[in-house]
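First up is the structure itself, then whatever we jot down about it.
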Amino acid sequence: MTSIKRLRSVIQSTAHHAVSGLCYVHPHLGEKCKEIGIKSIGINLMQPEFDIELQSITKELKLSTNALREKFNELLIVENINASEIIKANIIFNFMYGRWPSSCFIEAVTVEGAKVEVAVDSEGKTAEVLHASS
């Protein structure tokens, strides 16, 4: 059974890394979003895909998103979580003010059906995740 506490640690660390200067996804992803006129984009952390189909992905964007996926997997290993225990892990970046992210949100779901969510702002401060009521 996947430890929710350890999984939360993984996605919290991934989110902090994703908005930091150590994550080379930026400014490449922000520039691509600006080029195609969107303010938000999701990346699958388990498979090399985006939530929307992007045309002409640059070498830098491909390498940097793969590095982000590798970082996520390294953090899973550190927390003794097997990647096969995770059925879904996505990160959504928001670009409200330019090519650097204004926030990011990560959602991970375990094979047991447990969902863990973390959001951080551009400075890495944890934000509250709100859901619209049905």
Side-chain angles (χ1 to χ4, degrees):
M1 184 165 184
T2 307
S3 167
I4 299 305
K5 182 177 179 181
R6 290 180 182 265
L7 181 56
R8 183 171 304 284
S9 173
V10 169
I11 65 170
Q12 184 77 38
S13 295
T14 303
H16 281 268
H17 173 75
V19 296
S20 78
L22 298 174
C23 183
Y24 298 110
V25 171
H26 315 296
H28 311 294
L29 187 59
E31 289 171 350
K32 187 65 172 178
C33 287
K34 183 177 180 181
E35 175 187 312
I36 61 176
I38 60 173
K39 297 252 183 217
S40 181
I41 189 166
I43 299 173
N44 185 327
L45 291 171
M46 305 293 288
Q47 300 292 325
E49 57 190 30
F50 296 89
D51 67 349
I52 60 170
E53 189 174 333
L54 297 178
Q55 302 299 318
S56 64
I57 299 173
T58 64
K59 178 182 175 182
E60 294 82 7
L61 182 55
K62 184 176 181 177
L63 290 172
S64 61
T65 53
N66 285 340
L68 180 58
R69 287 183 193 94
E70 288 173 18
K71 180 68 171 178
F72 175 73
N73 282 304
E74 288 170 10
L75 292 166
L76 287 174
I77 291 166
V78 167
E79 291 292 345
N80 201 27
I81 298 173
N82 191 312
S84 66
E85 296 176 58
I86 310 300
I87 60 171
K88 176 183 174 185
N90 294 317
I91 184 168
I92 299 171
F93 289 100
N94 296 297
F95 297 93
M96 298 301 156
Y97 310 110
R99 58 190 194 156
W100 297 95
S102 53
S103 64
C104 83
F105 166 80
I106 300 179
E107 175 185 66
V109 180
T110 69
V111 293
E112 296 94 10
K115 181 169 35 171
V116 180
E117 302 170 317
V118 169
V120 298
D121 69 9
S122 62
E123 296 176 359
K125 295 178 188 167
T126 302
E128 183 178 1
V129 178
L130 301 174
H131 295 280
S133 56
S134 301

Between CD of Glu70 and CG of Leu63, what distance do you get to the nearest 0.5 Å? 9.5 Å
Rounded at 0.5 Å granularity, tell me how far CD in Gln47 sits from CD in Glu49. 6.0 Å
Shortest non-hydrogen contact between Ile91 and Ala18, atoms and distance: CD1-CB, 3.5 Å
Of Pro27, Ser122, Ser102, Pro101, which meets side-chain contact (heavy atoms from CB on, under 4.5 Å) against Phe95? Pro101
Is it true that Lys34 and Glu31 have a side-chain N and a carboxylate O under 4.0 angstrom from each other? no
Quick one: pull up CD1 in Ile41 and SG in Cys33 and give me the separation to the nearest 0.5 Å. 4.5 Å
Return yes if some donor-acceptor pair links the side-chain N/O of His26 with the main-chain N/O of Trp100 below 3.5 Å, else return no. no
With a 4.5 Å cut-off on side-chain heavy atoms, are Lys39 and Met96 touching? yes
Given Leu61 and Leu29, is the side-chain contact (heavy atoms from CB on, under 4.5 Å) satisfied, shown in steps? CA-CA 6 Å; Leu61 182 55; Leu29 187 59; 3.9 Å; yes
Counting only heavy atoms not in Asn80, do more than 12 sit closer than 6.0 Å to its CG atom? no
Is the shortest heavy-atom distance from the side chain of Ile57 to the side chain of Thr65 under 4.5 Å? no
Answer yes if Val120 and Leu45 sit in the same cluster of Ile, Leu, Val, Met, Phe, Trp and Tyr residues linked by side chain heavy atoms under 4.5 Å apart, and no otherwise. yes
Taking all heavy atoms of Met46 and all of Ala83, pick out the closest pair and write down the distance. CE-O, 3.5 Å
Lys32 NZ to Gln55 CD distance, which is reported to the nearest 0.5 Å: 7.5 Å
Considering only heavy atoms from C-beta outward, does the side chain of Lys71 approach that of Thr14 to under 4.5 Å? no
Ile43 and Arg69: CA distance, side-chain angles, deciding distance, side-chain contact (heavy atoms from CB on, under 4.5 Å) verdict: CA-CA 9 Å; Ile43 299 173; Arg69 287 183 193 94; 3.4 Å; yes
Is there a path of hydrophobic side-chain contacts, each under 4.5 Å between heavy atoms of I, L, V, M, F, W or Y residues, that connects Phe93 with Ile38? yes
Taking atom CD of Glu112 as the centre, does the number of heavy atoms from other residues, nucleotides or ligands within less than 6.0 Å exceed 12? yes
Taking atom types as modelled, find out whether Asn94 and Ser103 have a side-chain donor-acceptor pair closer than 3.5 angstrom. yes
Determine whether His17 and Phe72 satisfy the following criterion, side-chain contact (heavy atoms from CB on, under 4.5 Å), listing intermediate values before the conclusion. CA-CA 9 Å; His17 173 75; Phe72 175 73; over 6 Å; no
Of the non-hydrogen atoms in His16 and Gly124, which two are nearest, and what is the gap between them? CE1-O, 2.6 Å
Compare every heavy atom of His28 with every heavy atom of Ser64, then report the nearest pair and how far apart it is. OG-CD2, 4.2 Å
Would you kindly confirm whether Phe105 and Val25 end up in one hydrophobic cluster when ILVMFWY residues are joined by side chain heavy atoms under 4.5 Å apart? no
Distance col, row Asn82:CG vs Asn73:CG, nearest 0.5 angstrom, shows 10.0 Å
Walk me through it: do Tyr24 and Glu60 pass the test side-chain contact (heavy atoms from CB on, under 4.5 Å)? CA-CA 8 Å; Tyr24 298 110; Glu60 294 82 7; over 6 Å; no
If Ile, Leu, Val, Met, Phe, Trp and Tyr residues are connected whenever their side-chain heavy atoms lie under 4.5 Å apart, and connections chain through other members, are Ile87 and Leu76 in the same group? no
Any non-hydrogen side-chain atom of Val10 less than 4.5 Å from a side-chain atom of Val116? no
Taking every heavy atom of Ile106 against every heavy atom of Ala15, the minimum-distance pair comes out as CD1-N, 3.5 Å
Heavy-atom distance under 4.5 Å between the side chains of Asn90 and Asp51, does that happen here? no
Could you tell me the separation between the CD1 atom of Ile92 and the OG atom of Ser40, rounded to the nearest 0.5 Å? 5.5 Å
Which atom pair, heavy atoms only, marks the closest approach of Ser84 to Val111? O-CG1, 3.4 Å
Would Gln12 and Thr126 count as having a side-chain donor-acceptor pair, cut-off 3.5 Å? yes
Would one find more than 12 heavy atoms of other residues, nucleotides or ligands at under 6.0 Å from atom CZ of Phe50? yes
Hey, does Ile81 have a side-chain heavy atom less than 4.5 Å from the side chain of Ser3? no
Given the rule that I, L, V, M, F, W and Y join up when any side-chain heavy atoms are under 4.5 Å apart, are Leu7 and Val78 in one cluster? no
